[in-house]
There are 2 protein chains.
Amino acid sequence: MAEAGFAKFSSREVAKRIGYSVGTLYNIFGSYDRLIIAINTRTFRLWAAWLEEGLAGNPQDRPQDRIAALVEGYFSFAQENTHIWMAIYDHRLPPGIPMPQDYAGQRAGLTEIVVREVAAVLPCETRDIAPRLARSLVATVHGHCTFALNGSFALLGETDPLEMATARVKESLRAAGAKL
Amino acid sequence: MAEAGFAKFSSREVAKRIGYSVGTLYNIFGSYDRLIIAINTRTFRLWAAWLEEGLAGNPQDRPQDRIAALVEGYFSFAQENTHIWMAIYDHRLPPGIPMPQDYAGQRAGLTEIVVREVAAVLPCETRDIAPRLARSLVATVHGHCTFALNGSFALLGETDPLEMATARVKESLRAAGAKL
DNA sequence: AAAATAATTAGACAGCGTTCAATTCGCGTC
DNA sequence: GACGCGAATTGAACGCTGTCTAATTATTTT
């Protein structure tokens, strides 16, 4: 997936490379969709770990700007793992078939990190809106990241999508009472 | 494309429905990618017209909130034309092959509308940042719209992504000096 | 009516996800 | 060591896909 990207990914090629036949792959994962769900859930785990790492590391560089670290982590993971990151959003399961429970849980981890950090930066009075606001800010950053990677920004002459995203996020946090 | 969606769309099925053979389709469009580019560029045109319509219509309902009308138009188009809207972002041309010039021009129309409206709402002092800010706000709305349609928001209990997106946009515009 | 040009087709090719009867493997028992 | 049995694995078959091209049909020009 990392090499070929979502469009050119194929179960047959996977089988070839791991030295098994397609049949075995299907006995284990059941369908193409479930194989991709497994891959994408792994990506979510890696991504969450990447964010935590970004928050923990370099405490001298940026003493306390954990919000900027989150946005930066979101972008850099997508940038350094383009194909597997895009695969998350390229894949859509057939309507009606819901995400398996255990997978959904692992995927929620990423949002939880953001909710936690957003809550920490908000004043007590507005802290209860943290979950909703956090999701909205993730969407904001996601939009910027998507356009940065698919070329929409470059096409329009934008050179620093990360800075843009960070600015938008901080504006919204300040509007909610955060002192940054 | 509207019926089947990007993943299940196929040139052979198109040929069947229009009463031609695949070969003819390939003589005209040259490749699958260019057929999809044609479809998606049409979608961009429809989308831009939809936005202009939303701005022109109902001047009594919302006297002058043109920014809200833009966000609403972005969302409602995506919601009422899910498949063709998603196809825009599902399709990625092979690396190295650039978007044909004439198509790129038609696609830029959408951004121009937003730049114009953002500039109109900014005070003279900050009007020069309108193009950059407009692109950033489009990214913000896009992120919210994506999560609304792919279920990410619903999964997390969010019920009103449109309101969220509008709030984020207005916060950023106010931060840039707009009086709303 | 004949010649020249344009439009269209059918079929071949390689690859895809999916299925499943047939085969092979691993291991406990006689 | 030989047998048996369940689990793991296979590869061929099916219908689908995008892509290409030689052959055919339509249309226009002469």
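Letters A, B, ... mirror the listed sequences (proteins, then strands); counts begin at 1.
Between the NZ atom of B/Lys16 and the P atom of D/dG15 there is a distance of 13 Å, rounded to whole Å. Atom C1' of nucleotide D/dT17 and atom NZ of A/Lys8 are separated by 15 Å, given to the nearest angstrom. Rounded to whole Å, the distance from OH on A/Tyr20 to C1' on D/dA8 is 9 Å. Atom pair B/Leu25:CG and D/dC20:C1' shows a separation of 14 Å (rounding to whole Å applied).
Residue pairs that meet the side-chain hydrogen bond (donor to acceptor under 3.5 Å, both in side chains) test with at least one member in residues 158-167 of chain A, sequence neighbours left out, are A/Glu158-B/Arg132, A/Glu158-B/Arg135.
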Please table the atom pairs, donor to acceptor, closer than 3.5 Å between any side-chain atom in residues 172-180 of chain B and protein atoms at least two apart or in another chain.
| residue | atom | partner | partner atom | Å |
| --- | --- | --- | --- | --- |
| B/Ser172 | OG | A/Arg168 | NE | 3.4 |
| B/Ser172 | OG | A/Glu171 | OE1 | 2.7 |
| B/Ser172 | OG | B/Arg168 | O | 3.4 |

Q | Intermediate values then yes/no, salt bridge (Lys or Arg N to Asp or Glu O under 4.0 Å), B/Glu112 and B/Arg107 | A | CA-CA 10 Å; B/Glu112 284 164 15; B/Arg107 290 173 177 222; over 6 Å; no
Q) side-chain contact (heavy atoms from CB on, under 4.5 Å) between A/Leu70 and A/Val141: does it pass, once the steps are laid out? A) CA-CA 10 Å; A/Leu70 273 185; A/Val141 175; over 6 Å; no
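Of the two residues near DNA chain C, A/Asn27 and A/Ser11, the one whose nearest nucleotide lies more 5' is A/Ser11. Between A/Arg12 and A/Ser21, the residue whose closest nucleotide on DNA chain D is further toward the 5' end is A/Ser21.
Using cut-offs of 30° and 60° on the angle between ring planes, the pair B/His142 and B/Tyr74 is perpendicular.
For the pair B/Arg17 and B/Glu13, the salt-bridge criterion is met [side-chain N within less than 4.0 Å of a carboxylate O].
At the phosphate of D/dT17, OP1 or OP2 sits under 4.0 Å from a side-chain N or O atom of B/Ser10.
Within a heavy-atom distance below 4.0 Å of DNA chain C, the residues of residues 28-36 of chain A found are A/Ser31, A/Tyr32.
Residues B/Lys170 and B/Ala68 approach most closely at NZ-CB, 4.3 Å, considering heavy atoms.
Between the axis at the start and the axis at the end of the helix from C/dA1-D/dT30 to C/dC30-D/dG1 there is an angle of 20°, using five pairs per end and rounding to 10 degrees.
By the criterion of side-chain heavy atoms lying less than 4.5 angstrom apart, applied directly or through intervening Ile, Leu, Val, Met, Phe, Trp or Tyr residues, B/Trp47 is grouped together with B/Val71 in one hydrophobic cluster.
In this structure, B/His91 contributes its side chain and B/Ile36 its backbone to no donor-acceptor pair below 3.5 Å. A donor-acceptor pair is defined here as one N or O able to donate and one able to accept, closer than 3.5 Å; no such pair exists between the side chain of A/His144 and the backbone of A/Leu162.
Remark: B/Ile97 engages B/Leu93, B/Pro94 in a side-chain contact (heavy atoms from CB on, under 4.5 Å) (not counting sequence neighbours).
You can see that DNA chain C meets the heavy atoms of chain B within a 4.0 Å-exclusive cut from C/dT8 to C/dA12, reading 5' to 3'.
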